[in-house]
Amino acid sequence: SSTSNPDINTCFGDTYKNISRANRILEALDKLEGKYSTTELNTLRAEARFFRAFAYSRLITLWGDVPFYVTSITPEEAFEMGRTDKAVVLKQIYEDDGYAAENLPVANNNSGATRVDKGTAYAYKARTALYQHDYGTAANAAQDCMDLEVYDLAPDYGELFRDKTRGSKEVIFSVAHSSDLELDENGKPTTQAIGSFIARSAGGTHNAQPSWELLAVYEMTNGKTIDEPGSGFDPHDPFANRDPRCLETFAAPGSRIYGIEWNPAPNALEVMDYTQNRMITNKDSKGGSDASNCAYNGCCLRKGAQESWRTTLYNDNPVILMRYADVLLMYAEAKIELGEIDATVLACINDVRARAYGTTRTQTNDYPSITTTDQTALRKVLRRERRVEFAWENLRYFDLLRWHQFENAFGHNMYGFTRTANRAKEYFAAGNWFWPETPTFDKDGFPSFEAMADGTYIVQHGERKYDEKIYLWPLPSDDVLIMNGKLVQNPGY
């Protein structure tokens with residue numbers, strides 16, 4: 001990406017603002033010694049140090065070696081600052097997370113607001129360590145979080161993302177939102193506008209959809225991947241007999257979402273509006289008059305969807321930043337990479353898988369449990385498990401980053417249906433809908449649709465490009481220029 005990319009520059013600058021604020025809070029707390037109890041001051045220090053660690057973890061993950069300071073600095077000192085080896089920064093992150101874990105209570109509630117607690121510190125130490133390939137530290141920190149015995153998997157995977165009460169024992173850290181309370185000076189909600197996710201028939205613009213690549217990686221309910229012999233996969237009905245998380249992430253054709261029936265099929269020119277109890281024009285049909293503006297791949301995101309979004313066009317669901325399923329799978333991944341594969345590794349993976357089927361790990365007749373202890377096979381299982389469990393939770397980028405899999409991920413372009421209604425109808429009439437055949441997969445489990453893209457019915461909708469330099473983000477060009485050579489740019493930018 002460009003060294004002047006505004007999103008990258010904002011992320012870099014805002015992260016350092018967080019660090020500076022944490023440092024100032026810590027210095028202010030030192031001045032309050034004797035005026036408040038040591039326990040109370042240490043709890044506040046722990047919160048500040050947690051967020052400083054959170055910020056530095058983001059920096060070394062995305063930029064590598066970065067400017068580093070743990071006290072207030074003057075502008076003159078800042079201009080003299082170069083980049084510090086990320087190993088030094090990582091040591092401070094571990095110290096900060098360790099202090100936070102030691103001094104934060106198991107439940108940190110104040111005035112009804114849920115704040116970071118002991119488990120949050122352990123979980124984020126595990127995440128940072130995993131991102132830095134420090135698997136021993138990651139496994140130990142995840143184990144520490146598990147040993148608290150205060151978290152558990154929610155019984156209903158889909159409901160977890162629709163629950164606004166923040167009452168789930170699975171959620172370790174989240175940011176609450178409210179379209180009733182978060183208003184601008186004109187009384188308009190400032191929470192996330194969600195119209196781009198909502199089906200056109202429900203009043204949205206539906207510019208954002210989950211990908212065919214994601215749809216392809218969910219296993220069948222028999223535990224086989226869709227390309228395996230005997231899987232039973234039908235490319236003309238790719239939503240049937242899939243891991244239940246598939247239908248909690250994708251809206252299946254014919255299902256209800258946003259108070260309407262979702263059906264992108266070229267022959268579905270009308271759909272049911274359940275809120276009005278009548279049939280309406282299907283603005284999402286690939287064979288309709290508005291086919292060129294419909295979802296390019298005929299998919300619709302269900303995860304977290306609320307029928308209220310249809311009227312508010314705003315998302316006030318809590319943003320889940322860390323949940324217990326992630327801790328379980330981080331522990332499993334770390335142990336796999338260490339070559340320490342035992343019953344605890346399989347237990348963590350199977351706990352997550354069983355929950356998806358509404359059962360428990362020991363009920364192996366009710367879900368496809370994992371039994372292999374082969375490191376290569378289990379690594380592939382773990383990576384697929386993370387992809388389907390955390391789809392659309394802003395973790396995929398960081399997974400691909402630490403697995404060094406950008407080349408494979410960006411090696412396939414984006415494909416979808418034709419934008420022409422008549423061609424879509426021809427494709428449907430020929431019996432090819434949804435897919436004409438099962439996509440192929442590479443050795444790492446990445447699906448490919450190149451073989452079925454004929455340029456007429458299935459076409460390319462986006463081009464992906466891979467460049468080795470993207471494993472580190474560019475430092476903002478303005479920062480590099482004003483530092484008089486002391487801040488060296490990352491390679492390739």
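Here the structure is a predicted model, which is why all the values come from computation and not from measurement. What you see below is based on every heavy atom in this structure, not just the backbone, and it leaves out hydrogens, waters and symmetry mates.
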Can you find a pair of side-chain heavy atoms, one from [X] and one from [Y], that are under 4.5 Å apart?
X      : Y      : answer
Phe449 : Ile458 : no
Tyr16  : Val66  : yes
Gln143 : Met146 : yes
Glu80  : Glu76  : no

Inset, instruction - Quick one: do Arg323 and Glu389 satisfy salt bridge (charged side-chain N to carboxylate O under 4.0 Å, His left out)? Show the steps, please. - result: CA-CA 11 Å; Arg323 56 188 179 92; Glu389 175 70 20; 2.8 Å; yes
Looking at every non-hydrogen atom in both residues, tell me the closest pair between [X] and [Y] and how far apart they are.
X      : Y      : value
Ile194 : Tyr314 : CG2-N, 3.6 Å
Arg245 : Tyr218 : C-CE2, 3.6 Å
Asp97  : Ala121 : O-CB, 3.8 Å
Phe68  : Thr84  : CB-OG1, 3.5 Å

Any donor-acceptor pair under 3.5 Å linking the side chain of [X] with the backbone of [Y]?
X      : Y      : value
Glu385 : Leu329 : no
Glu450 : His412 : no
Arg353 : Tyr367 : no

When you check the gap from the basic side-chain N to the acidic O, do [X] and [Y] get nearer than 4.0 Å?
X      : Y      : answer
Arg383 : Glu333 : no
Glu213 : Arg464 : yes
Arg386 : Asp326 : yes
Arg355 : Glu170 : yes

With a 3.5 Å cut-off and no angle check, do the side chains of [X] and [Y] form a donor-acceptor pair?
X      : Y      : result
Tyr151 : Glu149 : no
Tyr331 : Thr344 : yes
Asp227 : Thr225 : yes
Lys86  : Gln132 : yes
Asp7   : Thr10  : no

Legend entry - Test side-chain contact (heavy atoms from CB on, under 4.5 Å) applied to Asn413 and Lys465, His461, Glu463, the passing residue: Glu463
What is the distance from atom [atom1] of [X] to atom [atom2] of [Y], rounded to the nearest 0.5 Å?
X      : Y      : atom1 : atom2 : result
Ile341 : Lys335 : CD1   : NZ    : 10.0 Å
Leu401 : Leu62  : CG    : CG    : 7.0 Å
Thr249 : Phe390 : OG1   : CZ    : 12.0 Å

Legend entry - Phe417/Trp212 aromatic ring centres below 6.0 Å: yes
Legend entry - side chain to side chain contact (heavy atoms under 4.5 Å, CB included) between Ser308 and Lys164, intermediate numbers included: CA-CA 12 Å; Ser308 62; Lys164 298 182 183 181; 4.1 Å; yes
Identify every side-chain donor-acceptor pair in residues 43-55 under 3.5 Å, counting partners at least two apart or on other chains, and give the distances.
from  : atom 1 : to     : atom 2 : distance (Å)
Thr43 : OG1    : Thr39  : O      : 2.9
Arg45 : NH1    : Glu33  : OE2    : 3.3
Arg45 : NH1    : Asn42  : OD1    : 2.8
Arg45 : NH2    : Asp30  : OD1    : 3.3
Arg45 : NH2    : Glu33  : OE2    : 2.5
Glu47 : OE1    : Arg115 : NE     : 3.0
Glu47 : OE1    : Arg115 : NH2    : 3.4
Glu47 : OE2    : Arg115 : NE     : 3.4
Glu47 : OE2    : Arg115 : NH2    : 2.6
Arg49 : NE     : Asp96  : OD1    : 2.7
Arg49 : NH2    : Asp96  : OD1    : 2.9
Arg52 : NE     : Asp96  : OD2    : 2.9
Arg52 : NH1    : Asn23  : OD1    : 2.8
Arg52 : NH1    : Val70  : O      : 3.3
Arg52 : NH2    : Asp96  : OD1    : 3.0
Arg52 : NH2    : Asp96  : OD2    : 3.3

Inset, instruction - Using a cut-off of 6.0 Å, state whether more than 12 heavy atoms not belonging to Tyr466 lie near its atom OH. - result: yes
Inset, instruction - Would you kindly check if the NZ (Lys) or CZ (Arg) of Lys125 is within the cone defined by 45 degrees around the ring axis of Tyr94 and under 6.0 Å from the six-membered ring centre? - result: yes
